[in-house]
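Residue numbers start from 1 in every chain, and the chains themselves are labelled A, B, ... in the order their sequence lines are given, proteins ahead of strands.
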Amino acid sequence: MAVRFISEVKRTHTCGELSAKDIGKEVVLFGWVHNRRDHGGAVFIDLRDREGLTQVVFEPGISKETHELAGSLRLEYCVGIQGKVVSRGHQVNPKLKTGEIEVRATELTIFNRSEPTPFPIEDRIDTSEEKRLQYRYLDLRRAPLQRSIIARSRANQITRTYLTEHGFLELETPFMGKYTPGGARNFLVPSRLNPGKFYALAESPQLYKQLFMVSGFDRYFQIVRCFRDEDLRLDRQPEFTQIDLEMSFVSQEDVFAVIEGLIQRLWKELLGVDVPIPFPRMDYDESMARYGNDKPDLRFGLEHVVLTDLIARHGEAGGVPLMYEAVKNKGIVKAMVIPADKPLSRAETDKLEEYVKGMGAAGLGRAKVNESGEWTQSPFSKTITPALRTAINEAVKAKPGDLILFQFGREAMVHTVMANLRVHLAKKLGLIPEYGSGGVWKFLWVVNPPLFEYDEDAKAWVAAHHAFTRPHDDSLPYLESDPGRVKCWRYDVVLNGFELGGGSIRLHDPKVQAQVFRALGISDEEARNKFGFLLDALKYGAPPHGGIALGMDRLVMLLTGAESLRDVVAFPKTQKGTDLMTGAPGEVDERQLREVYVKSTPPAK
RNA sequence: GGGGAGUUAGUUCAGCUGGUUAGAACGCCGGCCUGUCACGCCGGAGGUCAGGGGUUCAAGUCCCCUACUCCUCGCCA
């Protein structure tokens, strides 16, 4: 007379909660067979659910029938058991939370058998990502992924609670909107009802949330999916989630305070870590100079030193023609010091050179500093003047035994190469772990960036963020005369070298807006065409407003120490944007295409 | 679009300067086992060496192309 699990006998506990104080209780557990140890006589299984593991023992003396059935159990069978919690006596398993007890089973039912899984369901990942993504539902059974996904759920919960407490309304915006130029490439959705026309999937709710401010909702937030058809990276997915918010009647500092409070709460509740606030602030220009990008990892030094002016001052006479040439061509020169106590072998430096060449560098200049400050192992040592050498040594604060690395040429290239080199070296030298925080959380606001960037290809100024960012008042005179000098109320929040989020105070003055468009070379007509509805909206008493969006996926990735963004997304895409489990994107038949008035012309092989 | 790494049993890997029948561990199947917790012992099955082409007396190994996965520059907040 087997018990009827589920319909009559309900689960009493999870596999992670039984302990010595439950000894003697009659319990029912449901879960998966995580491991089995069959001694012929006694059969042990570790039963797993999302909360943990509990050892279950089947003995012929307790129930011959149940024990026999237990002998047929295999890994990942889904089962229910009933039995009594007993002490393990002195045979405690200290590795398990439930290791003081075990359940002596009287009843067992096999809900479903399992074929041998294509890879083992265990904590350690040593299966190719390809296999893991193909059988994502099995990969998600693994404890580290379960922890990430559960942490993500809690982060969502905490965010909603916090923002609601702070007067924010959770409002929804359309995914399918009108294509607007600029920014990321959009995914397009053909319209069956409007032949030849397309929706664009929202790359962010940017414009809608500003319209909410115009409507007077005052404080908006949304945990929202965004879509961008760009190349992927370790920390980028084509669809990703943002904690998006917008506030009326605020300064930059007001936005910072809300975000700092949210992050503080998330870190406290999820990790028990006290994050000090306010976060430090750093000027964009300073970040570029010292770290080569606008998302510096402040957990370690290896800062850059800009030598451009120094090289220019010494000119041709300095004896380093390559560097001088770079400066003459409007390039820059940067250096970085590898301290003497972290020596690199010749082979290792050669490898670094290969590494930087992969990013577009022509090479990697180096100089080893000896006791008297002279340079060895350096292509510059023969020709450089002692004066310039001394000046550089001083500028980079080089000590005997240090290795100076140089990079010079086009500004963007030098920054990129040096920024990546800095992080690469930090990992190599053991200053930071390969991934994860190492328990160190360095938050930072990067502020006061330029409003415009010069697009070399288009030979024109383009908006660095978007065209609705408010310039600093004292920059207004340069809007037309010297656009590169215009700073703006834009900000990024950075954690350990990752951009967690960014936003801006928006432009709500139509006059200044018109000036910005002019600087961008956008005609009134063009502006009207592209952003007409927003420009119109700003005419009807739009409040001053600003906002920010945090990358939820990245936030959880950093919070949980995950190696990749893919580990905190339940069903992620590969680097080519495919889903190895479902096979998306897939082909559709001719009839479906005709229905939406689309003709497909893939490139010939 | 560019650069780099990789692809060998179900899984993780080994396979040297090209040379007989491609190995190991785990998993799987069969048998034994009442205190294991990486259980143990005995036996067994399991391979399109990613795909295609080439060089060679002979290719997992050398060359070329393609596909896929990952990292990265460009791109993208």
Look at the rings of [X] and [Y] and say which category their plane angle falls in: under 30° parallel, 30 to 60° tilted, over 60° perpendicular.
X      : Y      : value
A:Y137 : A:Y135 : perpendicular
A:H424 : A:Y355 : parallel
A:F279 : A:F443 : parallel

| query | Does the aromatic ring of A:H39 sit over the six-membered base ring of B:U36, closer than 5.5 Å centre to centre and tilted less than 30°? | reply |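 It does not: the ring fails the test against the base of B:U36.
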| task | Return the stacking result for B:U36 and A:F44: yes when the ring centres lie under 5.5 Å apart and the planes under 30°, no otherwise. | result |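 Here the ring of A:F44 and the base of B:U36 are stacked, with centres under 5.5 Å and planes under 30°.
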Nearest-nucleotide pick for [X], side chain only, options being [options]:
X      : options             : value
A:P116 : B:U34, B:C75, B:C28 : B:C28
A:T574 : B:U36, B:C70, B:C73 : B:C70
A:L234 : B:U72, B:G30, B:C75 : B:U72

Gap between atoms [atom1] and [atom2], on [X] and [N] respectively (whole Å):
X      : N     : atom1 : atom2 : value
A:H67  : B:U34 : NE2   : P     : 8 Å
A:L232 : B:G1  : CG    : P     : 14 Å
A:M413 : B:G3  : CE    : P     : 18 Å
A:E130 : B:C71 : CD    : C1'   : 15 Å
A:L75  : B:G10 : CG    : C1'   : 13 Å
A:E129 : B:C71 : CD    : P     : 7 Å
A:R36  : B:C26 : CZ    : P     : 14 Å
A:L96  : B:C39 : CG    : P     : 12 Å

| field | Cation over ring face, A:R422 and A:F300, 6.0 Å, 45° | value |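 Yes, cation above the ring, under 6.0 Å and within 45°.
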With a 3.5 Å cut-off and heavy atoms only, can you find an N or O donor on one side and an acceptor on the other between the side chain of [X] and the base of [N]?
X      : N     : value
A:Q91  : B:U36 : no
A:E102 : B:G35 : yes
A:R236 : B:C75 : yes
A:R233 : B:G74 : yes

Which value, in whole Å, describes the distance between the [atom1] atoms of nucleotides [N] and [M]?
N     : M     : atom1 : answer
B:G53 : B:A58 : P     : 16 Å
B:U61 : B:U8  : C1'   : 11 Å
B:A50 : B:G60 : C1'   : 12 Å
B:A59 : B:G52 : C1'   : 15 Å
B:U55 : B:C64 : C1'   : 11 Å
B:G1  : B:C57 : C1'   : 44 Å
B:A25 : B:U20 : C1'   : 26 Å
B:G35 : B:G40 : P     : 14 Å

Within less than 4.0 Å of OP1 or OP2 of [N], is there a side-chain N or O belonging to [X]?
X      : N     : value
A:K357 : B:G3  : no
A:N93  : B:U36 : no
A:Q575 : B:C71 : yes
A:R37  : B:C39 : yes
A:N35  : B:C39 : yes
A:T117 : B:C28 : no
A:R132 : B:U69 : no
A:S128 : B:U11 : no
A:K95  : B:A38 : yes

| field | Shortest non-hydrogen separation from A:G52 to A:C15 and the atoms involved | value |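 Looking at all heavy atoms of both residues, the closest pair is O-CB, 3.2 Å.
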Does [N] pair with anything, Watson-Crick or G-U wobble, both distances under 3.5 Å, and if so, with which nucleotide?
N     : value
B:G46 : none
B:U36 : none
B:A5  : B:U69

| said: Using modelled atom types and a 3.5 Å cut-off, is there a donor and acceptor pairing between side-chain atoms of A:E230 and backbone atoms of A:R185? | reply: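 At least one qualifying donor-acceptor pair exists.
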| said: Measuring only between side-chain heavy atoms, which start at C-beta, is A:V569 closer than 4.5 Å to A:R152? | reply: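 Yes, at least one pair of side-chain atoms sits under 4.5 Å.
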| Can a donor-acceptor pair be found between the side chains of A:Q206 and A:Q210 at a distance below 3.5 Å? |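 Distance-only check passes for A:Q206 and A:Q210.
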| How is A:D294 classified with respect to the nucleic acid when contacts are heavy atoms under 4.0 Å: base, sugar-phosphate, or nothing? |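 Here A:D294 touches no strand at all.
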